Protein chains: 2
Amino acid sequence: MTNSEAIYIEKLRNSGLRPTKQRIRICEVLFNREKTFHFSINDLMKIIQTKTNEKISLATAYNTVHAFKKKGYLKEINIGNEISYFDTNTQSHHHFYDNQTKELVDINSGDVEIKKIPTPPNGKKIIDAEITFKISKE
Amino acid sequence: MTNSEAIYIEKLRNSGLRPTKQRIRICEVLFNREKTFHFSINDLMKIIQTKTNEKISLATAYNTVHAFKKKGYLKEINIGNEISYFDTNTQSHHHFYDNQTKELVDINSGDVEIKKIPTPPNGKKIIDAEITFKISKE
DNA sequence: TAACTAGTTTATAATCATTCTAAACTACTT
DNA sequence: AAGTAGTTTAGAATGATTATAAACTAGTTA
Ligand SMILES: [Mn+2]
Ligand SMILES: [Mn+2]
Ligand SMILES: [Zn+2]
Ligand SMILES: [Zn+2]
């Protein structure tokens, strides 16, 4: 067992899931990366089918990803169109979003600062603030 | 013909649509307001069925709203879930979003300021920046 | 080992928002 | 009146997501 496989197994157990080969394959795609990974369920399915020759079912992909989201290992992002993206960067952070390519890119927290913060409606409090910078070809 | 009806007709004509009674009914719901209106297509359908007793077809609602969006009389907003919202405030602006009630509230431009703006990826330029402040019950 | 149990995978069906289609309808022009 | 272009509508199609239920797997107990 590789070192990272042990980490995957821990993530799965923490998420209330048994470490099966399908789920570990999903972990390999999602978490064996240096940089933030933004993906749709469809992206995930295609990568798995390309890398390994086996297929996993759509239901397993959805269930596993949602379990990770619930546990906080993934974040769901809804921007600019009708499908959900998931994000391996689970901290509150800002994005560049290219409407043409539908690509999301993380922005380093230090690179942005919100100066004035508005007063929320009565009886409400602000729990998060995220900026989307729409970008396009120069 | 009322004064605002003349404005609706102009908006429709500008959007390349003939002013029919169904479309004018849609305009009455959308544009006869002081404050910004955020709505889903389903909201629009329900309001029309409640106010007038007649029904208009889903297709007409979608088509008309999309024509207004294309012309710039409405803005489409995708936040936090699987359905589209439309916004009668077509300027670039920030929102409060209550995840429990699914409600959007506009933020006055003067109440927010972004201090540091990040450098976009190579060959790309920033065309818009919008902040979503997630809020919840205090 | 055999039986038992809880959890898992999968194909497929169901759901729901959105878009498409084609037929009936309307308004405007000749 | 006939012709035409545009419109409305019900219902079908699409596509992402969720639910279902039967077959499969792994871990536990006898
Ligand atoms: Mn989801
Ligand atoms: Mn749309
Ligand atoms: Zn991100
Ligand atoms: Zn708004």
Side-chain angles (χ1 to χ4, degrees), chain A residues 1 5 8-9 11-29 38-49 52-71 74-87 102, chain B residues 1 5 8-9 11-29 38-49 52-71 74-87 102:
Chain A
M1 182 188 300
E5 201 171 316
Y8 303 155
I9 290 172
K11 278 190 152 91
L12 287 164
R13 289 240 157 84
N14 285 342
S15 307
L17 299 176
R18 283 189 191 163
T20 64
K21 66 177 196 295
Q22 290 89 340
R23 287 167 178 167
I24 288 184
R25 240 183 268 144
I26 291 173
C27 287
E28 282 162 355
V29 172
H38 301 99
F39 64 97
S40 66
I41 293 289
N42 192 37
D43 294 335
L44 174 58
M45 294 298 286
K46 280 195 293 200
I47 292 169
I48 288 174
Q49 283 168 24
T52 76
N53 261 18
E54 302 170 68
K55 294 165 194 98
I56 71 164
S57 70
L58 239 197
T60 297
Y62 272 101
N63 291 340
T64 306
V65 164
H66 278 128
F68 283 147
K69 178 194 169 187
K70 190 174 177 191
K71 181 63 188 180
L74 291 174
K75 202 166 186 271
E76 191 167 0
I77 311 273
N78 290 90
I79 289 181
N81 66 348
E82 63 290 338
I83 78 169
S84 273
Y85 287 91
F86 293 87
D87 191 334
K102 311 285 183 200
Chain B
M1 181 188 302
E5 201 171 315
Y8 304 153
I9 290 172
K11 278 189 152 91
L12 287 164
R13 289 241 157 84
N14 286 342
S15 307
L17 301 175
R18 284 189 191 163
T20 64
K21 68 177 194 295
Q22 290 90 339
R23 288 166 176 167
I24 290 186
R25 241 183 268 146
I26 290 173
C27 288
E28 283 162 356
V29 172
H38 300 99
F39 64 97
S40 66
I41 294 289
N42 192 37
D43 293 336
L44 174 58
M45 294 297 288
K46 279 194 294 201
I47 292 169
I48 288 174
Q49 283 167 25
T52 74
N53 262 18
E54 303 170 67
K55 295 165 194 97
I56 71 163
S57 72
L58 240 197
T60 297
Y62 272 101
N63 291 340
T64 307
V65 164
H66 278 129
F68 283 147
K69 179 194 167 186
K70 190 174 175 191
K71 182 61 189 179
L74 291 175
K75 201 167 189 269
E76 189 166 1
I77 311 274
N78 291 90
I79 288 181
N81 66 350
E82 63 291 335
I83 77 168
S84 274
Y85 287 91
F86 293 87
D87 192 334
K102 312 285 182 201

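We use all heavy atoms of the structure for the numbers below, so side chains are in, but hydrogens, waters and symmetry mates are not. Here is how names work: the chains are called A, B, and so on, in the same order as the sequence lines, proteins then strands, and each is numbered from 1. Computed from a prediction, not measured in an experiment: that's the story for all the values here.
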When you check the phosphate oxygens OP1 and OP2 of [N], does a side-chain N or O of [X] lie under 4.0 Å from one of them?
X	N	result
S57(A)	dA11(C)	no
S84(B)	dT18(C)	yes
Y62(B)	dT18(C)	yes
H66(B)	dT19(C)	yes
T20(A)	dG7(C)	no

On DNA chain D, nearest-nucleotide positions of G16(B) versus E82(B): which is more 5'?
G16(B)

Value in whole Å for how far the [atom2] atom of [N] lies from [atom1] of [X]:
X	N	atom1	atom2	value
N78(B)	dT18(C)	CG	C1'	12 Å
I9(B)	dA27(C)	CD1	P	13 Å
N42(B)	dT18(C)	CG	P	9 Å
I83(B)	dT15(C)	CD1	C1'	15 Å
Q22(A)	dT10(C)	CD	C1'	9 Å
I56(B)	dT9(D)	CD1	P	7 Å
L12(A)	dT8(C)	CG	C1'	12 Å

Letter per nucleotide, 5' to 3', of nucleotides 20-28 of chain D [B base touched, S only sugar-phosphate touched, - untouched; heavy atoms, 4.0 Å]:
---------

Donor-acceptor pairs are to be reported for all side-chain atoms of residues 53-61 of chain A against protein atoms at under 3.5 Å, with residues two or more places apart or in another chain.
residue	atom	partner	partner atom	Å
E54(A)	OE1	R25(A)	NH2	3.1
S57(A)	OG	T60(A)	N	3.3
S57(A)	OG	T60(A)	OG1	3.1

Residues which pass side-chain hydrogen bond (donor to acceptor under 3.5 Å, both in side chains) with T52(A), listed by chain and number, not counting sequence neighbours
none

Please enumerate all residues that pass ring pair (Phe, Tyr, Trp, His ring centres under 6.0 Å) together with Y8(B), with sequence neighbours excluded.
none

In chain order, what residues pass the ring pair (Phe, Tyr, Trp, His ring centres under 6.0 Å) check against Y85(B), with sequence neighbours excluded?
none

For K75(A), all residues meeting salt bridge (charged side-chain N to carboxylate O under 4.0 Å, His left out), sequence neighbours excluded
E130(A)

Sidechain-backbone polar pair: N14(B) side chain, K11(B) backbone, donor-acceptor under 3.5 Å
no

Closest of dT8(D), dT17(D), dT8(C) to the R23(A) side chain is dT8(C)

